Amino acid sequence: MTLDNIKEEIEKAKNIVILTHESPDGDAVGSSLAMYQALKQLGKDVDLVIPEHPKTFDILPCADEIKKTGRDINYDLAIALDCADTKRLDGFENWYHESKVKISIDHHGSNTMFADYNYVDPAAPACSQILIIVLTSMGVEINKNIGECLLAGIITDTGGFKYEGVTTETFEFVASLLRIGVNVSEIYKKVLQVKTRANFELTKIVMDRMEFFQDGKISFTYITLKDIQETNAEAGDHEGLVEIGRDLEGVEVSILLRETEKGYKASLRSNEYVNASEVCSIFSGGGHIRAAGCTIPYPLEQAKEKIIDRVKTFLK
Ligand code: 5GP
Ligand code: MN
C-alpha cells in the first residue's frame, strides 16, 4: 500500500527535500510546512525549498526556515506536495528528478502520477487534509504548530470551509485543533480574511475591467505586469481576484488573465457544471473541477480570445 511505502521510504532516507507548486498558495505552503516539521520530529535532515511565497504565510510556524534553493546534493528522497505535475515545480525540478526516490502527495484530479509513490486523493478538499492521514500513519504527533499549518492549508483551499469538497473529517480535524488550543479564528483571519493594500488596488482594477460574454455565463478580466508594478503587488496579491466574477449571479465560468514573463496565466473558476480542469487541459494546464489554471503564451487579445472560445464549447 502506498502509505506503507511512503512510511518506509521516509524511515530509510537521511536527507529529504520538500517541494511544492509555483505561485504557492496557502495549501502549498501550509502542507509543506507541516511535512517539514513532521520530518524534523522524526529526526530527519530536511530542506523545504520554496523560491517565493506570499508574506501572508510568514505567520505560520517555521516559515522562517523555508529555503529559496536546495543543496548541491542528490537527496535520498524528494516529496512534492499539492503539485499536479513536475512542470509546476517552480523551475526546481532538478532537485526532484535527481533525488533517489520520489514521493507525491496531492489532491488534484489532473495529477500525472509522476512519482515513484503517488498518494493522490482528488476527493480531498486540500493537500493539507490528506496529510492528516499520512502524518498519522508515519507516527507523527500532530501538535499545535503542525496543526496550524494544516489548518491554514484547509482554510485557504476550501475558501473558509465553504467549498463542496469539505467533509466530516475537515470539521473533526478542526475540532481536534480547538481542543489542543489552536486559535482557529485568528488563523482564519490572518490567512484568508485580511487583504493587502495591493490586493485591494488590484480588486478595483479587475472589477472596473470586468466584461461578460454568452448572456453573462462567462466573466472575464485581467491584470498586466504594469498593474502589478503600479500597485506594488507581491507574490500572492492576486489571490481571490478570480472569485469576484465567480460569485456573480448567472456566471458559470470566471476567467482572470494575469500577465507573467511567460505569457498570460489563466485562472478559472466554475460554479455548477463546467469542468475547469478540462478547459485548461488543452493549454497543458489542469487543477480541479471548480478551480484550474494554465499558461497561454500569447498577447492579451489573443489569449483572451483563445480562452473564451474554449470555455464557450463547455457551456450549456
Ligand atoms: P489558481 O487559479 O488559484 O492559480 O489555481 C487553481 C488551481 O489550479 C490550483 O489547484 C492550481 O494548483 C491549479 N493550477 C493552476 N495553474 C495550473 C497549471 O498551469 N497547471 C496545472 N496542472 N494546474 C494548475
Ligand atoms: Mn491545494
Side-chain angles (χ1 to χ4, degrees), residues 19-35 50 53-54 56-57 80-91 93 104-114 119-132 149-159 163 165-166 170 191-192 199 206 219 221-223 235-246 253-260 262-270 274-297 303 307 310-311:
L19 301 161
T20 189
H21 69 76
E22 59 187 353
S23 293
D25 52 18
D27 192 28
V29 179
S31 59
S32 298
L33 280 170
M35 180 57 92
I50 308 179
H53 68 271
T56 311
F57 306 118
L81 295 169
D82 197 35
C83 188
D85 66 61
T86 50
K87 282 196 307 256
R88 299 210 73 216
L89 284 176
D90 217 353
E93 302 100 304
S104 158
I105 301 168
D106 183 35
H107 70 129
H108 290 90
S110 62
N111 190 291
T112 57
M113 302 292 179
F114 52 86
Y119 192 74
V120 179
D121 178 8
C127 182
S128 296
Q129 184 162 321
I130 301 178
L131 284 197
I132 302 166
C149 295
L150 295 177
L151 179 68
I154 292 171
I155 288 173
T156 50
D157 253 27
T158 60
Y163 295 157
V166 165
T170 316
V191 300
L192 194 66
N199 177 270
V206 298
S219 70
T221 189
Y222 65 94
I223 50 176
D237 281 333
H238 61 276
E239 291 290 339
L241 299 177
V242 67
E243 282 140 32
I244 298 169
R246 181 202 61 194
V253 179
S254 169
I255 307 168
L256 169 79
L257 289 186
R258 175 168 55 92
E259 190 179 9
T260 69
K262 293 185 235 162
Y264 275 88
K265 176 88 215 174
S267 274
L268 267 73
R269 298 291 183 268
S270 67
V274 171
N275 184 333
S277 181
E278 219 182 307
V279 172
C280 291
S281 65
I282 202 169
F283 304 107
S284 307
H288 309 286
I289 293 174
R290 299 279 168 256
C294 55
T295 300
I296 310 182
I307 188 72
R310 171 79 176 158
V311 170

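Note that the structure is predicted; figures quoted are calculated from it, not measured. Just follow the structure's listing: the first ligand is 1, and inside any ligand the first atom is 1.
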Worksheet item: Going by distance alone, is a donor N or O of one side chain under 3.5 Å from an acceptor N or O of the other, for Thr156 and Asp27?
Response: no
Worksheet item: side chain to side chain contact (heavy atoms under 4.5 Å, CB included) with Ile50: which of Thr20, Leu19, Leu33?
Response: Thr20
Worksheet item: Has the side chain of Asp121 got a donor or acceptor atom that lies under 3.5 Å from a matching backbone atom of Asp106?
Response: no
Worksheet item: Considering only heavy atoms, does Arg269 approach ligand 1 within less than 4.0 Å through its side chain, its backbone, both, or neither?
Response: side chain
Fill in: Shortest reach to atom 9 (C) of ligand 1 by a heavy atom, considering only Glu243, Arg290, His107, His108
His108
Heteroatom test (N, O or S) for [X] near the Mn ion (ligand 2), limit 2.8 Å:
X: Asp106; result: no
X: His108; result: no
X: Asp27; result: yes

For [X], atoms of ligand 1 separated by under 4.0 Å from a heavy atom:
X: Cys294; answer: 16 (N), 19 (O)
X: Ala291; answer: 6 (C), 7 (C), 8 (O)
X: Ser267; answer: 1 (P), 2 (O), 4 (O)
X: His288; answer: 10 (O)

Worksheet item: Which atom, among the N/O/S set of His107, is closest to the Mn ion (ligand 2)?
Response: NE2
Worksheet item: Would you call the rings of His108 and His288 parallel, tilted or perpendicular if under 30° counts as parallel and over 60° as perpendicular?
Response: parallel
Response to the item:
Shortest non-hydrogen pair, Asn199 vs Glu239, comes out as ND2-O, 3.1 Å
Item to complete: Identify, with sequence neighbours excluded, every residue that meets salt bridge (Lys or Arg N to Asp or Glu O under 4.0 Å) alongside Arg290.
Response: Glu164
